[in-house]
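Written below as structure tokens is the structure these notes are about.
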4 protein chains.
Amino acid sequence: MDNDPSTTRRERRIANRRTLILEAAARLFAEKGFHRTTTRDIAEAADVSEGTLYNYFENKDELLMGIMAHLADKQHLNDRFVGDLSGDAREFLRSVLRERRETIEQSGYMLQSVLSEILVNPELRERYYQGLMLPALQSLEDHLRSRREAGQVRSDNPALTARVLIGLIQGLFLLEVLGDPEVRYNWDELSATIINVLFDGVSN
Amino acid sequence: MDNDPSTTRRERRIANRRTLILEAAARLFAEKGFHRTTTRDIAEAADVSEGTLYNYFENKDELLMGIMAHLADKQHLNDRFVGDLSGDAREFLRSVLRERRETIEQSGYMLQSVLSEILVNPELRERYYQGLMLPALQSLEDHLRSRREAGQVRSDNPALTARVLIGLIQGLFLLEVLGDPEVRYNWDELSATIINVLFDGVSN
Amino acid sequence: MDNDPSTTRRERRIANRRTLILEAAARLFAEKGFHRTTTRDIAEAADVSEGTLYNYFENKDELLMGIMAHLADKQHLNDRFVGDLSGDAREFLRSVLRERRETIEQSGYMLQSVLSEILVNPELRERYYQGLMLPALQSLEDHLRSRREAGQVRSDNPALTARVLIGLIQGLFLLEVLGDPEVRYNWDELSATIINVLFDGVSN
Amino acid sequence: MDNDPSTTRRERRIANRRTLILEAAARLFAEKGFHRTTTRDIAEAADVSEGTLYNYFENKDELLMGIMAHLADKQHLNDRFVGDLSGDAREFLRSVLRERRETIEQSGYMLQSVLSEILVNPELRERYYQGLMLPALQSLEDHLRSRREAGQVRSDNPALTARVLIGLIQGLFLLEVLGDPEVRYNWDELSATIINVLFDGVSN
DNA sequence: AATGAATGAGGTTTCATTCAT
DNA sequence: TATGAATGAAACCTCATTCAT
């Protein structure tokens, strides 16, 4: 008998199932795309019946929303860390890139699955922009502004500089998805190159 | 009677129709996505019957391929221009960014329509990478190498530096699609910021 | 402790629940139809779980049967009253119509819920005809025969005359369900008209 | 080559198909009910593919609407005939009943299929009442009023008297559907009984 | 070459029913 | 006895593709 008053075994199993389904879905969406993935595929991958899917998610679209919510949660954790101004600026960028790498290794398939739809689904796009992109841009912008005031970096327009960095990171993710080996298997050197270029420029 | 031996009126009308269909398709794919766009939608938008679609394209997938081929054609023109080493390096980047802007204004919807599928369709992805991405990366890398040899820029690893620039451009396109106003309506200043950062760095 | 030997509290609660479920079901069936009503709807309306439904009824169809049985019980009470030959014939018809009115006000929704299915379910139809319709027709026919022998009414064929009256009553119920205001809100005058027409005819 | 400008062979085949589908659907709806009839059943009965159904009707509900429209068309023809005041009153009722009989023999299954849903579908009910019931009631009421003014019949309230006749007819249809043999196989005598009762009453 | 009606495979979703708790 | 999560069959409907005209 399980008498734990906070979470019974059943409750835990259920909480788990939701996550299980979500991860199975995201993996398949990344592999074959949202539309080529059938609810049956997802059910099989998550080892539940199709009917059960609908006990956890109202419809197929809500799976995408669930994935996005998951990404947003992770993102917000990072955004808080971006607020940290201790350490020097290069070190900061280095950690951003390292952390980014880890996130992508863990849940890059979630980003991939969602990104594809974002490009062609205005409603989802808006959600993504408001919930994930803008917050990230905003905290980076704030960070840049603080660093500038501390005389650590130069930036005429932190809003635009933030776009350059975030854009770059997104773009490299795309290159990685495309299978580019330099990005996929040479991240450390790439990382160093990025820091070098962004801080010192290519000018001779 | 049209006696022009190279392209008869009929041939031109046909060539025209193919393009018409392709553009209609790309526009719809960008708006609602490949899968949410029906062949009927495309037929209506192109003002032909559904049956006629199949006289010009073997199946729906071939429309995507057609769009990609169209993008590749445009790209190759640019790649040749990237070979041009006259002018100074900043000026070169400025033209790259301007030219990029124009391309996106003219046929961004094509890129958008194709990108969404590329993210989740391995076969298409491979084609895109080989046909569009690698050539672009390669010519930029060559360009960088030449400039470096001419002592105009610094680059430890031109392959990676090329990835930084191309990645940045891709990423900014994504931000634009997401509707970010700084990227969409402030391109000139953004362009200046990019040149400034990439050449001189943000280091103080 | 309840020591009542005939019906314990528990038995009464259970009997109650059965009735509660049946009434909830009938009401929903009348509102949205048997097929558009889900077992979940019924469970919610009766404030029990779906599982509990199946402790009281073998399956959804049995709910319909239960409603029919309930109607049949009521009907049989009336049929006995139809056997009463005291009072004059007009008075008799008047009470039939009044009584009918009351039944419909109390449990018209049950009739409605069942009627819809009867029209298209041969098995149910047969049950309804044998269990409800024929008995009503038979007792009215007997009644008419008696009255005729007593010289109180004229009827060449009491079987057919009974059909005329029962048919009329059924048809008016239909008009009421259809929302006809003359039938719904003007029953007393309608009742008088019926008596007038059936006894004296419209002939001038 | 068919050069008939008004209706080509193809057009006729298509017009025909719509009717074919509608009749197949109505027949099945009457036999097993709207909800127990699958679109596949209908397609098979009409000897077309399921997809074809949807070229002629937007969805399953629209089949019901189509049936109702068909019934309304027939009804309106009769309503005009009800306007005819030549002939004596009994003769009029006799033709109404005869005509009714014929209609039911030809398309009773359509009425049956629709009636079942009308009982439990408020939207459909309203359509039926406004489109079929009210017009029928209204023209009968007008007819009665004219006859009364001509001194041919007695009626304190023609609106209610009309309800009595229409209600009776509906109710007898119900009895017929229920399989009552007196109504089904003895229509002529039933018809005579109705005329006799309604004109002369059962009073002795 | 152009049309658009016909097709039918396949997708999402619903829901009556079961059963472990 | 009561619960409600899990099930999976089956329903409606869409849509890429074909083909007779």
Side-chain angles (χ1 to χ4, degrees), chain A residues 1-2 8-11 13-14 17-18 35-44 46-63, chain B residues 10 13-14 17 34-44 47-63, chain C residues 10 13-14 17 34-44 47-63, chain D residues 1-2 8-11 13-14 17-18 35-44 46-63:
Chain A
M1 290 288 133
D2 186 351
T8 67
R9 201 180 309 154
R10 188 186 226 186
E11 275 164 358
R13 196 196 55 202
I14 286 173
R17 249 186 191 194
R18 221 193 103 95
H35 298 277
R36 264 182 291 268
T37 303
T38 68
T39 50
R40 169 188 285 259
D41 290 338
I42 300 166
E44 272 171 16
D47 201 35
V48 296
S49 75
E50 268 186 276
T52 297
L53 286 190
Y54 289 85
N55 290 333
Y56 292 90
F57 298 91
E58 253 189 75
N59 51 44
K60 204 183 161 194
D61 282 344
E62 284 304 310
L63 283 164
Chain B
R10 182 190 231 185
R13 201 194 55 203
I14 288 175
R17 252 193 182 183
F34 179 72
H35 298 276
R36 265 182 291 268
T37 302
T38 67
T39 50
R40 172 191 288 252
D41 288 338
I42 300 166
E44 272 171 16
D47 204 35
V48 297
S49 74
E50 272 188 271
T52 299
L53 287 189
Y54 288 83
N55 289 331
Y56 291 91
F57 297 90
E58 235 182 284
N59 52 41
K60 203 183 162 194
D61 281 341
E62 284 305 311
L63 283 163
Chain C
R10 182 191 231 183
R13 201 195 56 204
I14 288 174
R17 252 193 181 185
F34 178 73
H35 298 277
R36 265 181 290 267
T37 302
T38 68
T39 49
R40 172 191 288 251
D41 289 338
I42 300 167
E44 273 171 15
D47 204 34
V48 297
S49 74
E50 272 188 271
T52 299
L53 286 190
Y54 287 83
N55 290 331
Y56 292 91
F57 298 90
E58 236 183 283
N59 53 42
K60 203 184 163 193
D61 281 342
E62 285 305 310
L63 284 164
Chain D
M1 291 288 136
D2 186 347
T8 66
R9 201 181 308 156
R10 189 185 226 189
E11 275 164 359
R13 195 196 57 200
I14 287 173
R17 249 186 191 195
R18 222 193 103 95
H35 298 277
R36 264 181 291 268
T37 303
T38 68
T39 50
R40 169 189 286 258
D41 289 337
I42 300 167
E44 273 171 14
D47 203 36
V48 296
S49 74
E50 266 187 276
T52 298
L53 287 190
Y54 289 85
N55 291 332
Y56 291 90
F57 297 91
E58 254 190 74
N59 51 44
K60 205 184 160 194
D61 280 344
E62 284 304 311
L63 283 165

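In what follows, every chain begins at residue 1, and chains take the letters A, B, ... in the order their sequences are listed. Remember, it's a predicted structure, so these values are computed and weren't measured experimentally.
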Give me the distances for all protein-to-nucleotides 11-13 of chain E N/O pairs that come in under 3.5 Å?
| unit_1 | atom_1 | unit_2 | atom_2 | d |
| --- | --- | --- | --- | --- |
| dT12(E) | OP1 | Lys60(A) | NZ | 2.6 |
| dT12(E) | OP2 | Thr39(A) | N | 2.8 |
| dT12(E) | OP2 | Thr39(A) | OG1 | 3.2 |
| dT13(E) | OP2 | Tyr54(A) | OH | 2.8 |
| dT13(E) | OP2 | Lys60(A) | N | 3.0 |

Asp61(D): which residues meet the side chain to side chain contact (heavy atoms under 4.5 Å, CB included) condition with it, sequence neighbours left out?
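In terms of side chain to side chain contact (heavy atoms under 4.5 Å, CB included), with neighbours along the sequence ignored, Asp61(D) is linked to Phe34(D), Asn59(D).
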
Sequence neighbours left out, what passes side chain to side chain contact (heavy atoms under 4.5 Å, CB included) with Ser49(C)? Give chain and number order.
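Side chain to side chain contact (heavy atoms under 4.5 Å, CB included) check on Ser49(C) returns Thr52(C).
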
Using a 4.0 Å heavy-atom cut-off across all strands, classify Tyr56(D) as base, sugar-phosphate, or nothing.
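Here Tyr56(D) touches the backbone only, sparing every base.
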
Nearest-angstrom distance from the residue atom [atom1] of [X] to [atom2] of [N]:
| X | N | atom1 | atom2 | answer |
| --- | --- | --- | --- | --- |
| Asp41(D) | dA10(F) | CG | P | 12 Å |
| Leu53(D) | dT14(F) | CG | P | 12 Å |
| Ile42(B) | dT17(F) | CD1 | C1' | 13 Å |
| Arg18(A) | dA5(F) | CZ | C1' | 16 Å |
| Leu63(C) | dA16(E) | CG | C1' | 11 Å |
| Glu44(D) | dA11(F) | CD | P | 11 Å |

Base-pairing string, 5' to 3', of DNA chain F - Watson-Crick or wobble, under 3.5 Å, | interstrand:
.||||||||||||||||||||

Glu44(D), CD: over 12 other non-hydrogen atoms inside 6.0 angstrom
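Yes, CD of Glu44(D) has more than 12 neighbouring heavy atoms, counting only those of other groups under 6.0 Å.
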
Ignoring backbone atoms, test whether Thr52(A) places a side-chain nitrogen or oxygen under 4.0 Å from the OP1 or OP2 oxygen of dT7(F).
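Thr52(A) to dT7(F) OP1/OP2: side-chain N or O found under 4.0 Å.
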
Are Arg17(D) and dA6(E) close enough that a side-chain N or O sits under 4.0 Å from OP1 or OP2?
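So the side chain of Arg17(D) is within the cut-off, an N or O lying under 4.0 Å from OP1 or OP2 of dA6(E).
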
Using 0.5 Å steps for rounding, measure from the [atom1] atom of [X] to the [atom2] atom of [Y].
| X | Y | atom1 | atom2 | result |
| --- | --- | --- | --- | --- |
| His35(A) | Thr37(A) | NE2 | OG1 | 9.5 Å |
| Thr39(D) | Leu63(D) | OG1 | CG | 9.5 Å |
| Leu53(B) | Arg17(B) | CG | CZ | 10.0 Å |

Between dT3(E), dA5(E), dT7(F), spot the one nearest the side chain of Asn55(D), thanks.
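In terms of side-chain proximity for Asn55(D), the closest of dT3(E), dA5(E), dT7(F) is dA5(E).
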
Partner set under salt bridge (charged side-chain N to carboxylate O under 4.0 Å, His left out) for Arg36(D), not counting sequence neighbours:
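With neighbours one apart ignored, the set is Glu117(C).
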
Earlier contact from the 5' end, DNA chain E, for Asp47(D) and Gly51(A):
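By nearest-heavy-atom nucleotide position, the 5'-most residue is Asp47(D).
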
Can you name the closest pair of heavy atoms from Phe57(C) and Glu62(C) and give their distance?
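Looking at all heavy atoms of both residues, the closest pair is CD2-O, 3.9 Å.
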
